[in-house]
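Reviewing the structure listed below.
Below, read A as the first sequence line, B as the second, and so on, with proteins coming before strands; counting in each chain starts at 1.
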Amino acid sequence: MVVRRAAAVRAATSILILLSLASGNVWAAPSEPTQEEATVLDEEAILGDDEESGWSVSDLALRTTLYIQNGEGYQSQAGPLEGPGSEDTWIGRPEIKVGLRQSPNIQHDIFLSMDVVTAASPDALDLVTAASRVNEGTTLDINSSFRSDATTTYTTRVGGHHEEQFASFFCGAGYVGELYDANTVVSFNANLTMDGFDDLTIRGRDLGYLSRGNVNVNAGLTQVLSPTTLFDGSLGFTYQFGTLQNTWNSVPYATGDATSPTRRTNEVFPTRRFRFAARGRLSQHIPAIKGTAKAGYRFYVDSFDVKGHTLDVAYYQYLVEYLFVRASYRLYQQNAVDFFAPIVGADIPKYRTADSDLAALWGHEWGLKLVLLHSLIPPRDDHDDTIDVGIYRYQRTNGLSINYISLGYARKF
Amino acid sequence: MTPSLLRLLLVTLAATQVGCVVVPQNRRRHLADPTMKMQDNALEDRARSKLYNSREASAGGNGRSAGGGCACGN
């Protein structure tokens, strides 16, 4: 009986060993890799060849967005003299991003966007230009990054913006550092922007050339909190100087004259503005239901006495392996700048604006976006490409609403 | 320092203290999910930032300059 049991154990052990050998799962010291395995596991293949150089396209993204805006504001002259004018406009915004890899450590991301606006600011601009009927603005932004070692990256930014009576140049530099096995990522950057534009009055006279600028510094933090939780936050200071108002924006004022009770004058801002904003966001992935929830908050304050609060939440849900939907909501609240008035008195204050964007307001935005991870559709593609479509509604409590639709395509090579 | 700013800093500090636990790279599979990206889409984020910056008095806090760079800005 004992002999029979020992024989059975030996037979079972032999079968297990044979099965293990057949499946390659051997309980023994690993053998030397075959030639094929050595090629697959080659360090160079995994980490990349530091000596490798030459330019290549790493990724490409295309997007187009159509905004349909309805509303009115006192700064617009497209309406009655004493009342708010129309801010109705359609805006088309095609954009492209091209990622260029110069070497394994140097990457350039080139952003080019255009805004085609059917009514930029219906006002006196029409008397001298076509800017308020149809205007096009183009922005070129080149972001470069240089990875100096496994945990340190330096960044630069340079670009410009042009529209009919306005031109801008901006540049910046930054640092990104990874700590604790990249569980913590810190970043710092500084930026300079210089704007130049025609001094157009509300009656269409061009009084020459004006400028304004701003200096900006930011700090950011990304922190892994758990295998499914991420925190990211940033804060930024901006100092603006120069002619900060849009000279073609008008402000209605009561003349006190019965024959012509209301007239319009130009908008005037202080020549300096300090701005501070801080933002934090938590992202939580929920593997059990293949969903992700995000919630963020931003606080803003500036020297024009504006305080702003932004709350944004989003929920992502996979419908199938390669398709997910994002539902988002954004709540925004601000008080007015301290020199805002829709109509000022006959004794016109030194600083004044009737711009509805600077009034006390609440803003709501709802959005729904569908994202197709095209490369995950069987049979899987070698490339990583996505297609998305989103519809949104932005609504302000002081009479402005925007419906917009956005279509995007992106591919990583 | 305003009470609001102080509260925000305290919340940020509290949130980041949880991060003292280092999550190894082989346990970050879920963090690499496309829905967990910091930026859903760079072009979309830029377009939305411009929409808000040109229609609201506040801006910034996203690693970018607040104001300037466009005739539509405040």
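- For A:N335, no part lies near chain B; criterion is any non-hydrogen pair under 4.5 Å.
- Closest heavy-atom contact between B:P34 and A:L373: CG-CD1, 4.0 Å.
- For chain B, no part of A:A219 is nearby; none of its heavy atoms comes within less than 4.5 Å.
- Interface remark: of the candidates A:M194, A:K369, A:Q284, A:K369 forms the most heavy-atom pairs closer than 4.5 Å to chain B.
- Contact check for A:T65 versus B:R48: no side-chain heavy atoms found under the 4.5 Å cut-off.
- The choice from A:A167, A:G220, A:S226 that makes the most heavy-atom pairs within less than 4.5 Å of chain B is A:S226.
- At a 4.5 Å heavy-atom cutoff, the contact between A:S328 and chain B is made by side-chain atoms alone.
- B:A59 and A:A277 make their closest contact through O-CB, 3.7 Å (heavy atoms, listed as atom of the first residue, atom of the second, distance).
- In plain terms, the two heavy atoms of A:S234 and B:G63 that are nearest each other are OG-N, 4.1 Å.
- Residues A:E163 and B:C70 meet the side-chain proximity criterion, which asks for heavy atoms closer than 4.5 Å.
- Interface residue A:N143: only side-chain heavy atoms are found under 4.5 Å from chain B.
- A side-chain donor-acceptor contact under 3.5 Å links A:R275 to the backbone of B:A66.
- Neither the backbone nor the side chain of A:T386 comes within less than 4.5 Å of any heavy atom in chain B.
- Heavy-atom minimum distance, B:L31 versus A:T228: CD2-C, 3.8 Å.
- Atom-to-atom distance recorded for A:I286:CD1 and B:H30:NE2 is 11.5 Å, nearest 0.5 angstrom.
- A donor-acceptor contact shorter than 3.5 Å links the side chain of A:K294 to the backbone of B:T35.
- Of all the heavy atoms in A:T193 and B:S65, the pair that sits closest is OG1-OG, 4.1 Å.
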Q: Given side-chain hydrogen bond (donor to acceptor under 3.5 Å, both in side chains), test A:R298 with B:S58 step by step and report yes or no.
A: CA-CA 10 Å; A:R298 184 186 70 164; B:S58 68; 2.7 Å; yes
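- The contact between A:D115 and chain B is made entirely by side chain atoms (from C-beta outward), counting heavy-atom distances below 4.5 Å.
- For A:E95, the parts lying under 4.5 angstrom from a heavy atom of chain B are both the backbone and the side chain.
- Of the charged side-chain nitrogens involved, at least one lies within less than 4.0 Å of a carboxylate oxygen, so that B:E44 and A:R326 count as a salt-bridged pair.
- A cation-pi contact, defined as under 6.0 Å to the ring centre and within 45° of the axis, links B:R46 to A:F111.
- If you take CG on A:N218 and CZ on B:R64, they are separated by 9.0 Å, rounding to the nearest 0.5 Å.
- Residue A:E365 touches chain B through its side chain alone, counting heavy-atom pairs closer than 4.5 Å.
- Chosen from A:V337, A:D232, A:D388, A:D109, the residue pairing most often with chain B at heavy-atom distances under 4.5 Å is A:D232.
- Residues satisfying the ring pair (Phe, Tyr, Trp, His ring centres under 6.0 Å) criterion with A:Y392, sequence neighbours excluded, are A:Y404.
- The distance from the NZ atom of B:K37 to the OG atom of A:S283 is 13.0 Å, given to the nearest 0.5 Å.
- Contacts between A:F188 and chain B at a heavy-atom distance below 4.5 Å are absent for every atom of the residue.
- Residues B:D40 and A:Y316 are in side-chain contact: their nearest non-hydrogen atoms beyond the backbone lie under 4.5 Å apart.
- Counting only residues at least two apart or in different chains, salt bridge (Lys or Arg N to Asp or Glu O under 4.0 Å) contacts with residues 179-189 of chain A comprise A:D181-B:R28.
- For chain A, the option among B:G69, B:A42, B:G60 with the highest count of heavy-atom pairs below 4.5 Å is B:G69.
- Between A:L230 atom CG and B:M36 atom CE the span is 5.0 Å, to the nearest 0.5 Å.
- For the pair A:L358 and B:A57, the tightest heavy-atom approach, listed with the atom from each and the gap, is CD2-CB, 3.7 Å.
- Most heavy-atom pairs under 4.5 Å with chain B, from the set A:V306, A:D141, A:L192, A:V371: that is A:D141.
- With a threshold of 4.5 angstrom between heavy atoms, A:Y67 approaches chain B through side-chain atoms but not through N, CA, C or O.
- The candidate with the highest count of non-hydrogen atom pairs below 4.5 Å against chain B, out of A:K97, A:R93, A:Q69, is A:R93.
- Cation-pi contact between A:R330 and B:Y52: present, with separation from the ring centre below 6.0 Å and deviation from the ring axis of at most 45°.
- Checking side-chain atoms of A:R279 against main-chain N and O of B:G61 turns up a donor-acceptor pair under 3.5 Å.
- Between chain B and the options A:F169, A:F170, A:F197, A:F324, the largest number of non-hydrogen pairs under 4.5 Å is found for A:F324.
- A:I402 has its side chain within reach of B:R55: a pair of non-hydrogen atoms, C-beta onward, lies under 4.5 Å apart.
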